[in-house]
Amino acid sequence: MSVARVTEISATSTQSFDDAVKQGIERASKTLRNVESAWIKDSNVEVEGGSVKAYRVNMAVTFVLDD
């Protein structure tokens, strides 16, 4: 049996939504052990001067707790 915890994070990229997800997971994995999955709860863009400035994702990251 395992017990997991879920924490919410927000990640931003100037490249794409996919890059924002990748950066968020990589950063979370530096602090959290046993990252198992992520649920993308929301995605949006920052707009400046009529153009997309950045891509942002809000995600719930699940990680298994150590015994």
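These numbers were taken from a predicted model, which means no experiment stands behind them. Quick note: residue numbers are just sequence positions, from 1.
Scanning for salt bridge (Lys or Arg N to Asp or Glu O under 4.0 Å) contacts around E8 gives K41, with sequence neighbours left out. Here Q23 pairs with D19 under the side-chain hydrogen bond (donor to acceptor under 3.5 Å, both in side chains) rule; sequence neighbours left out. Legend: residues meeting side-chain hydrogen bond (donor to acceptor under 3.5 Å, both in side chains) with T31, ordered by chain and number and at least two apart, are R27. The side-chain hydrogen bond (donor to acceptor under 3.5 Å, both in side chains) test applied to K22 returns no partner, not counting sequence neighbours.
Taking all atoms of both residues into account, the shortest heavy-atom contact from G24 to A11 is CA-CB, 3.7 Å. The two residues N44 and F17 have their closest heavy-atom pair at O-CE2, 3.4 Å.
Rounding to the nearest 0.5 angstrom, the gap separating the OH atom in Y55 from the CG atom in D18 is 10.5 Å.
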I'd like a table of donor-acceptor pairs (distance under 3.5 Å, sequence neighbours excluded) in which one partner is a side-chain atom from residues 56-67, with atom names and distances.
unit_1, atom_1, unit_2, atom_2, d
R56, NE, T12, OG1, 3.3
R56, NH2, E46, OE2, 2.3
N58, OD1, S10, OG, 3.0
N58, ND2, D42, OD2, 3.3
D66, OD1, N34, ND2, 2.8
D66, OD2, R33, NE, 2.9
D66, OD2, R33, NH2, 2.5

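Hydrophobic clustering (side-chain heavy atoms under 4.5 Å, transitive across Ile, Leu, Val, Met, Phe, Trp, Tyr) keeps V6 apart from I25.
W39 belongs to no hydrophobic cluster with other residues, because no ILVMFWY side-chain heavy atom falls under 4.5 Å from its own, directly or through intermediates.
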